[in-house]
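Here the structure comes first, spelled out in structure tokens, and everything after it is commentary.
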Amino acid sequence: MIDDKHRSNQELIAQGIGNIGCALFGGIPATGAIARTAANIKNGGRTPIAGMVHSVVLVLVLLFLMPYASWIPMPTIAAILFSVAYNMSGVKNIVILVKRAPKSDILVLALTFILTVVFDLVVAIEVGMVCACILFIKRMADETRIRRWRTKSELNPDDPAHAKLRTIPDEVTVYEVTGPLFFGAAEVIHDFKFTENTKVLLLRMRSVPAIDATAMNYMENLKTHCEKHGVTMVLSHVNEQPYKMMKKGHFVDRVGKENFCKDIDAAIARAEQVISE
């Protein structure tokens, strides 16, 4: 709200010390509230000093001015609270979000708002976070896809795309994998198909940033399927995290380090070597 960075660690420590202190005097532990912060900022506060002054004034009112504070009309306090609530609500940001955001994000916003009103903020945040995580998993799963490379034998020599294709033996089936391989998208591994004359299954994985245990299990099953049909698996450009997972699960030893190539050209050369042998 003041174009500065939120120091969450500092806030957490301060709240902890404050709650320990208030318990010594029979007080009720509390969390940090945005209402007083928003009121401070809207009235010109820009530093922690504003919050300190606010606290001191409240203590003074509590100790010395309560008889006078009781004369303040409740409608006046209600009007102030309405103003503070409006400043907290971020109506402009909500309008922009509704116009630009996907429907799923708008649904999470609406659900969180309704749960806040009907139940409380804790329930709303819990449900909202779970819904947001599920939507995130779905989006990541939608980004994960595979594409089989076409070979020159599949195209007419007169086709302009024919000249742009790499020369790949007919005994090699090449798939390019895009996106993270995790439990929400691991089933795409089932889509790896090869024909009877396939001798090498080449997986290009330069666009796979991460892989989890579920996907590794699918990869193990794929390796077993390849072994049953006499097909050698070759992997190209495996990134750091997937390689660590494969090495930890002894998948690298099972496939063979010589079948992990740094780029697609080296992988194709390795595939040709396997065919010739």
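Atoms considered below: every heavy atom in the structure, side chains included; atoms not considered: hydrogens, waters and symmetry mates.
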Would you check if the side chain of T144 reaches a backbone N or O of L181 as a donor-acceptor pair within less than 3.5 Å?
-> no
Any link between V231 and V234 through a network of hydrophobic side chains (Ile, Leu, Val, Met, Phe, Trp, Tyr) touching at under 4.5 Å?
-> no
Ring centroid separation H237 to F260 under 6.0 Å | no
To the nearest 0.5 Å, what is the distance between CG (L202) and OG (S236)?
-> 6.5 Å
Residue that, paired with D142, satisfies salt bridge (Lys or Arg N to Asp or Glu O under 4.0 Å) out of R139, R145, K138 | K138
Does I146 belong to the same Ile/Leu/Val/Met/Phe/Trp/Tyr cluster as V200, with side-chain heavy atoms less than 4.5 Å apart forming each link?
-> no
What donor-acceptor contacts under 3.5 angstrom involve side-chain atoms of residues 16-25, with partners at least two apart or in another chain?
from	atom 1	to	atom 2	distance (Å)
N19	OD1	A30	N	3.0
N19	ND2	Q15	O	3.4
N19	ND2	A30	O	3.2

Could you walk me through whether L235 and M246 pass side chain to side chain contact (heavy atoms under 4.5 Å, CB included), step by step?
-> CA-CA 11 Å; L235 293 92; M246 293 176 181; 4.0 Å; yes
Are R7 and E11 close enough for a salt bridge, meaning some N to O gap below 4.0 Å?
-> no
Heavy-atom closest contact (R204 atom, E176 atom, distance) = NH1-OE1, 3.5 Å
If you group Ile, Leu, Val, Met, Phe, Trp and Tyr whenever their side-chain heavy atoms sit less than 4.5 Å apart, what else falls in with V95?
-> Y86, V91
Using atom types as modelled and distance alone, determine if a side-chain donor or acceptor of D105 lies under 3.5 Å from a backbone N or O of A101.
-> no
For S207, check side-chain contact (heavy atoms from CB on, under 4.5 Å) against everything at least two apart and list the hits.
-> T178
Hphob cluster co-occupancy, M140 + V208, side-chain heavy atoms under 4.5 angstrom = no
On a heavy-atom basis, the closest approach of K223 and F251 is CB-CE1, 3.9 Å
Nearest 0.5 Å please: distance from the CD1 atom of I134 over to the OG atom of S104.
-> 12.0 Å
Tell me, yes or no, whether the heavy-atom count around E187 atom CD, taken from other residues, nucleotides or ligands under 6.0 Å, exceeds 12.
-> no
L203 CG to Y175 OH distance, which is reported to the nearest 0.5 Å | 9.5 Å
Heavy-atom pair of closest approach, residues P169 and E272 | CG-CG, 3.7 Å
Between atom NZ of K92 and atom CD1 of I94, what is the distance when rounded to the nearest 0.5 Å?
-> 13.0 Å
Atom of D170, atom of N197 and distance for their closest heavy-atom approach = O-ND2, 3.8 Å
Let me have the donor-acceptor pairs involving side chains of residues 210-222, under 3.5 Å, with sequence neighbours excluded, atom names and distances please.
from	atom 1	to	atom 2	distance (Å)
D212	OD1	T214	N	3.3
D212	OD1	A215	N	3.0
D212	OD2	F183	N	2.8
E220	OE1	R254	NH1	2.4
N221	ND2	N217	O	3.4

Taking D120 for the side chain and V122 for the main chain, is one N or O donor matched with an acceptor at less than 3.5 Å?
-> yes
Under 4.5 Å between side-chain heavy atoms, hopping through other hydrophobics if needed: is there a path connecting V188 to V238?
-> yes
Give the intermediate values and the outcome of side chain to side chain contact (heavy atoms under 4.5 Å, CB included) for residues I168 and I268.
-> CA-CA 7 Å; I168 301 173; I268 293 174; 4.2 Å; yes
Between N239 and R206, is any side-chain donor less than 3.5 angstrom from a side-chain acceptor?
-> no
Mind checking the NE2-CE spacing from H225 to M233? Nearest 0.5 Å is all I need.
-> 10.0 Å
Indicate the atoms forming the closest heavy-atom contact of P29 with G27, along with that distance.
-> CD-O, 3.7 Å
Less than 3.5 Å apart, which donor and acceptor atoms pair up between the side chains of residues 43-63 and the rest of the protein, not counting sequence neighbours?
from	atom 1	to	atom 2	distance (Å)
N43	ND2	A39	O	2.6
R46	NH1	I41	O	3.1
T47	OG1	I49	N	3.3
S55	OG	G51	O	3.0

Between OG on residue S276 and CD on residue E171, distance to nearest 0.5 Å = 11.0 Å
Can you see which heavy atom on G184 is nearest to which on A141, and at what distance?
-> O-CB, 3.3 Å
Name each donor-acceptor pair under 3.5 Å that joins a side chain in residues 106-117 to protein atoms two or more places apart or in another chain, with its distance.
from	atom 1	to	atom 2	distance (Å)
T112	OG1	V108	O	2.7
T116	OG1	T112	O	2.7

Which is it for T232 and R270 under the side chain to side chain donor-acceptor pair (under 3.5 Å) test, yes or no, and what are the steps along the way?
-> CA-CA 10 Å; T232 301; R270 172 58 185 163; over 6 Å; no
Using a strict cut-off of less than 4.0 Å between a Lys/Arg side-chain nitrogen and an Asp/Glu carboxylate oxygen, indicate whether D265 and K262 qualify as a salt bridge.
-> no
Whether over 12 other heavy atoms sit under 6.0 Å from E240 CD = no
Cluster check V130, V127: I/L/V/M/F/W/Y, side chain < 4.5 angstrom | no
